[in-house]
Amino acid sequence: MTGVKTATATNYTEVFSTKKGTVYQNDRENCWYIDFAGKLVRFDYRGLLKLKKSIYRVDIEAALLDSSKQPEIEMVFICACNHCYFLNLVQIISLKELLEGTFAMFELNQIIHDRLSRIVI
């Protein structure tokens, strides 16, 4: 997994987008790119699942209700990857929304593929 500063959009297909970020699919490289928090980062499918799991581990409600003077920055670390995010709570919510939409699109794509396969067979 390598961070990328610039990229050409011709090889990418947008999977899901919000105001805060976009997930692209690159069929030629068999990977996905997440454009979020000023970074474009490459993930394979397993890395994408690990990122989702890591984001879902953050207890947003507990962090919001915590009255201590602790900073609201979380380090989202993905095991066996060279990249991590340092995000505030608003960014974590935004990334969670982006990942939820992305995986919903994956499921929708699978449902459509299954239905079309049934028609053909």
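Worth knowing before you read on, the calculation uses all heavy atoms, side chains too, and leaves out hydrogens, waters and symmetry mates. Residues: numbered from 1 along the sequence shown.
Once rounded to the nearest 0.5 Å, the distance linking OG1 of Thr102 with NZ of Lys52 reads 9.5 Å. Put simply, OG on Ser117 and CD1 on Ile112 are 11.5 Å apart, with the number rounded to the nearest 0.5 Å. The structure places CD1 of Ile55 at 10.5 Å from CD of Glu100, a figure rounded to the nearest 0.5 Å. In this structure, the separation between CG on Leu116 and CD1 on Ile111 is 12.0 Å, given to the nearest 0.5 Å.
A 4.5 Å side-chain heavy-atom check between Leu40 and Ile34 finds every atom pair outside the cut-off. Contact check for Glu74 versus Ile92: side-chain heavy atoms found under the 4.5 Å cut-off. Looking at Asp44 and Leu48, their side chains never come closer than 4.5 Å, going by heavy atoms from C-beta outward.
The backbone N or O of Asn88 sits less than 3.5 Å from a side-chain atom of Gln91, completing a donor-acceptor pair. The closest donor-acceptor contact from the side chain of Ser54 to the backbone of Lys50 lies at 3.5 Å or more, if one exists at all.
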Q) Under the side chain to side chain contact (heavy atoms under 4.5 Å, CB included) criterion, do Glu14 and Thr22 qualify, and how do the steps go? A) CA-CA 7 Å; Glu14 183 178 304; Thr22 306; 3.7 Å; yes

Q: For the pair Asn26 and Tyr33, evaluate side chain to side chain contact (heavy atoms under 4.5 Å, CB included) and give the outcome as yes or no after the intermediate values.
A: CA-CA 8 Å; Asn26 187 319; Tyr33 286 88; 4.1 Å; yes

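A pairwise comparison of heavy atoms in Ile78 and His83 identifies CD1-O, 3.8 Å as the closest pair. Across all their heavy atoms, Ser17 and Leu98 have their closest contact at CA-CD1, 4.3 Å.
Leu51 and Tyr56 fall into different hydrophobic clusters, where Ile, Leu, Val, Met, Phe, Trp and Tyr are joined by side-chain heavy atoms under 4.5 Å apart, directly or via other members. Val90 and Phe36 fall into different hydrophobic clusters, where Ile, Leu, Val, Met, Phe, Trp and Tyr side chains are chained together by heavy-atom contacts under 4.5 Å. Under a hydrophobic-cluster definition in which Ile, Leu, Val, Met, Phe, Trp and Tyr are linked whenever side-chain heavy atoms come within less than 4.5 Å, directly or via other members, Leu65 and Ile60 are assigned to different clusters.
Using cut-offs of 30° and 60° for the angle between ring planes, the Phe43 and Tyr85 rings count as parallel.
Note: Tyr24 and Tyr12 meet the aromatic proximity criterion, with ring centroids under 6.0 Å apart. Checked against the 6.0 Å centroid threshold, Trp32 and Phe106 count as a close aromatic pair.
In this structure, the side-chain hydrogen bond (donor to acceptor under 3.5 Å, both in side chains) partners of Gln25, at least two apart in sequence or on a different chain, are Asp27.
For Lys20 and Glu97, the salt-bridge test fails: no basic side-chain N is under 4.0 Å from an acidic carboxylate O.
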